[in-house]
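Values reported hereafter were calculated over all heavy atoms of this structure, with side chains retained and with hydrogens, waters and symmetry mates removed. Order of the sequence lines sets the chain letters (A, B, ...), proteins ahead of strands, with each chain counted from 1.
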2 protein chains.
Amino acid sequence: MSTRGASPKGQERSEAILDAAERLLVDEGHSALSLRGVAQRAGIRLGNLQYYFATREELVRALLARVLERATAQLEERMGAADTPARALDTAVEALLEDQKDPASYRLFYDLWALAAREPTIATELRAFYARYIGTVAERLGLAAPELSRAEVHARAELLVALLEGLSLFRSGTLGAPDRKVEAELWRVSTWLTTVSEPAPPAPSRKKGPQRR
Amino acid sequence: MSTRGASPKGQERSEAILDAAERLLVDEGHSALSLRGVAQRAGIRLGNLQYYFATREELVRALLARVLERATAQLEERMGAADTPARALDTAVEALLEDQKDPASYRLFYDLWALAAREPTIATELRAFYARYIGTVAERLGLAAPELSRAEVHARAELLVALLEGLSLFRSGTLGAPDRKVEAELWRVSTWLTTVSEPAPPAPSRKKGPQRR
DNA sequence: TGACAATTAGGTCATCCGACCTAATATTCA
DNA sequence: TGAATATTAGGTCGGATGACCTAATTGTCA
């Protein structure tokens with residue numbers, strides 16, 4: 001949603017600017033995402049960039065929207081591309097695991113998580129993204145384990161997504177590297193989530209914990 | 001490890017500066033972590049701050065070291081504080097879940113994850129932190145499930161830590177809120193990780209944990 | 001062809017940044 | 001007491017930033 005540039009050429013230019021901004025964001029982080037830097041990467045002048053995105057916030061919003069939209073589309077496409085509906089989840093998880101081997105694919109999200117903690121508008125959009133993400137997973141999970149309640153299925157979907165997001169930290173090269181054993185155990189957990197419906201073990205007793213982690 | 005200030009008062013001042021820096025980091029993110037800002041929050045002059053930390057990087061390194069050291073100590077203290085050794089993991093997980101309800105406790109780590117993706121020195125320290133973190137968890141996991149191999153135990157520990165880190169995203173208020181159902185399912189996964197050890201297809205289990213298929 | 005939008009270009013402005021420096025005062029302790 | 005250390009105060013410097021502005025050029029379509 002850029003300010004101007006409705007014509008085909010304008011649209012193209014707009015996309016190119018967002019491409020440059022995204023590359024800059026991945027490479028240097030959101031604090032380095034300056035209008036000048038983006039303009040330089042895009043190979044255009046500052047004034048020209050400002051014709052499309054008058055302020056930095058406008059640029060960031062457009063970039064965020066594009067990134068999340070793309071991620072959503074990719075997830076749903078992957079779900080649909082499975083051999084059988086039952087394998088949809090496995091296929092998507094497989095693809096995500098593959099993505100995690102590329103640092104660039106997640107660096108962007110690390111910045112987004114940090115940003116969302118402070119900028120409510122970004123938090124709102126990210127929240128909507130993950131809600132849809134988890135919803136899609138829950139849908140498939142419900143098909144695989146029909147005896148589970150709606151709430152249970154949703155909880156497990158959230159758990160699975162959290163696991164994958166957390167795992168990205170240890171697989172994208174910066175804090176760790178992909179590990180076969182871990183992948184194997186992940187598959188066991190994943191199948192467990194979609195199959196086992198036994199009653200939960202007793203919850204541990206409560207105890208007031210100290211602050212901070 | 002500040003540059004100067006070995007005397008008790010200097011030590012105190014040094015800690016106060018790091019406190020201010022940490023508050024600023026949590027509130028505004030690492031891009032807002034300026035020497036001037038820290039000095040203002042600490043209620044001292046810029047020159048005074050520079051007496052303790054000559055450069056920004058020095059400050060950041062000291063801050064990072066203190067944060068990770070504290071987190072490590074807290075985790076190990078929590079493990080040790082359990083009623084029984086067997087409950088050590090549960091106790092620690094409980095405490096972590098409690099922490100996750102406070103946004104401030106994790107915001108800092110979101111920034112660290114983003115930073116680590118670009119600054120090798122930070123990545124190195126964070127990696128060491130998580131290695132120790134996962135190692136501690138693996139140790140306890142090994143006690144709870146002695147029939148698992150060392151590698152399996154380590155893989156499960158990494159999985160559990162990843163799950164908790166990922167979960168923090170959805171529990172710290174910005175992208176979601178704590179949810180009882182999710183917690184319940186987390187406990188099931190957690191106990192599953194510490195109890196179930198039979199391979200995928202065969203063999204009846206004697207453990208209390210849920211069974212597959 | 002002419003009008004109008006799209007696009008490019010270049011420059012100004014106040015503001016903040018980190019690094020660096022010097023001088024003066026206060027505190028501590030041998 | 002006197003010397004070393006800790007602390008405060010104020011300033012300079014080059015550099016980068018975002019917002020804003022204006023003029024010139026290109027492209028499109030009636």
Side-chain angles (χ1 to χ4, degrees), chain A residues 1-25 27-64 111 114-115 118-119 121-122, chain B residues 1-25 27-64 111 114-115 118-119 121-122:
Chain A
M1 201 200 290
S2 60
T3 38
R4 319 190 190 181
S7 81
K9 179 158 185 178
Q11 192 67 22
E12 203 176 304
R13 176 66 85 188
S14 194
E15 292 291 318
I17 291 174
L18 291 180
D19 287 341
E22 196 174 325
R23 269 182 285 128
L24 186 57
L25 183 59
D27 290 348
E28 322 240 1
H30 79 270
S31 59
L33 192 68
S34 70
L35 292 182
R36 281 179 167 82
V38 171
Q40 189 176 1
R41 286 229 178 189
I44 63 176
R45 308 293 158 181
L46 175 61
N48 191 11
L49 195 168
Q50 289 173 317
Y51 176 79
Y52 293 94
F53 304 97
T55 83
R56 186 187 128 106
E57 191 185 338
E58 225 173 272
L59 210 188
V60 170
R61 288 184 67 87
L63 178 56
L64 178 64
D111 270 290
L115 276 175
R118 282 168 218 106
E119 300 194 15
T121 98
I122 291 189
Chain B
M1 200 198 291
S2 58
T3 38
R4 318 190 191 182
S7 81
K9 181 157 186 180
Q11 191 68 22
E12 205 175 302
R13 176 68 85 186
S14 194
E15 292 292 319
I17 291 174
L18 292 180
D19 288 342
E22 194 173 326
R23 271 181 284 129
L24 187 57
L25 183 60
D27 290 348
E28 321 238 2
H30 79 271
S31 59
L33 192 68
S34 69
L35 293 181
R36 282 179 167 81
V38 171
Q40 190 176 2
R41 285 229 181 189
I44 63 176
R45 308 293 157 185
L46 174 61
N48 192 12
L49 196 167
Q50 288 173 318
Y51 175 79
Y52 291 93
F53 305 97
T55 82
R56 188 187 125 106
E57 190 184 339
E58 224 173 273
L59 209 189
V60 171
R61 288 185 68 87
L63 179 56
L64 177 63
D111 270 288
L115 276 175
R118 283 169 216 103
E119 300 195 16
T121 98
I122 291 188

Quiz prompt | Integer-rounded Å distance: D:dG18 C1' and A:Leu59 CG | solution = 12 Å
Exercise. Choose from D:dT5, D:dG18, C:dA19 the nucleotide whose nearest atom is closest to any side-chain atom of B:Arg56.
Key: C:dA19
Self-check item: Whole-Å gap separating P (D:dT26) and CZ (A:Arg13)
Solution: 15 Å
Practice problem: Check the pair B:Phe53, B:Val38 against side chain to side chain contact (heavy atoms under 4.5 Å, CB included), reporting the backbone distance first and the verdict last. | Solution: CA-CA 11 Å; B:Phe53 305 97; B:Val38 171; over 6 Å; no
Quiz item: Salt-bridged, B:Arg118 to A:Asp111, with N to O below 4.0 Å?
Solution: yes
Quiz item: D:dA6 P sits how many Å from B:Ile17 CD1, rounded?
Solution: 13 Å
Quiz prompt | For DNA chain C, the residues among residues 33-45 of chain B that have a non-hydrogen atom under 4.0 Å from it | solution = B:Leu33, B:Ser34, B:Leu35, B:Arg36
Quiz item: Under the side chain to side chain contact (heavy atoms under 4.5 Å, CB included) criterion, do A:Leu33 and A:Arg56 qualify, and how do the steps go?
Solution: CA-CA 9 Å; A:Leu33 192 68; A:Arg56 186 187 128 106; 3.7 Å; yes
Practice problem: Give the rounded distance in Å between these two atoms: CG of A:Leu49 and P of C:dA9. | Solution: 13 Å
Quiz prompt | Passing candidate, side-chain contact (heavy atoms from CB on, under 4.5 Å) with B:Arg13, options B:Ile44, B:Leu18, B:Leu49 | solution = B:Ile44
Quiz item: Taking CG from A:Leu24 and P from D:dT17, how many angstroms apart are they, rounded to a whole number?
Solution: 10 Å
Quiz prompt | Partner residues of B:Arg36 under the side-chain contact (heavy atoms from CB on, under 4.5 Å) criterion, sequence neighbours left out | solution = B:Ser34, B:Leu46
Quiz item: Charged N to carboxylate O below 4.0 Å: is that the case for A:Glu28 and A:Arg41?
Solution: yes
Quiz item: Whole-Å distance between C:dA19 P and B:Tyr51 OH?
Solution: 19 Å
Quiz item: To the nearest Å, how far apart are A:Tyr52 OH and C:dA5 C1'?
Solution: 11 Å
Quiz prompt | Atom pair distance, as rounded to whole Å: CG in B:Leu46 and C1' in C:dC21 | solution = 12 Å
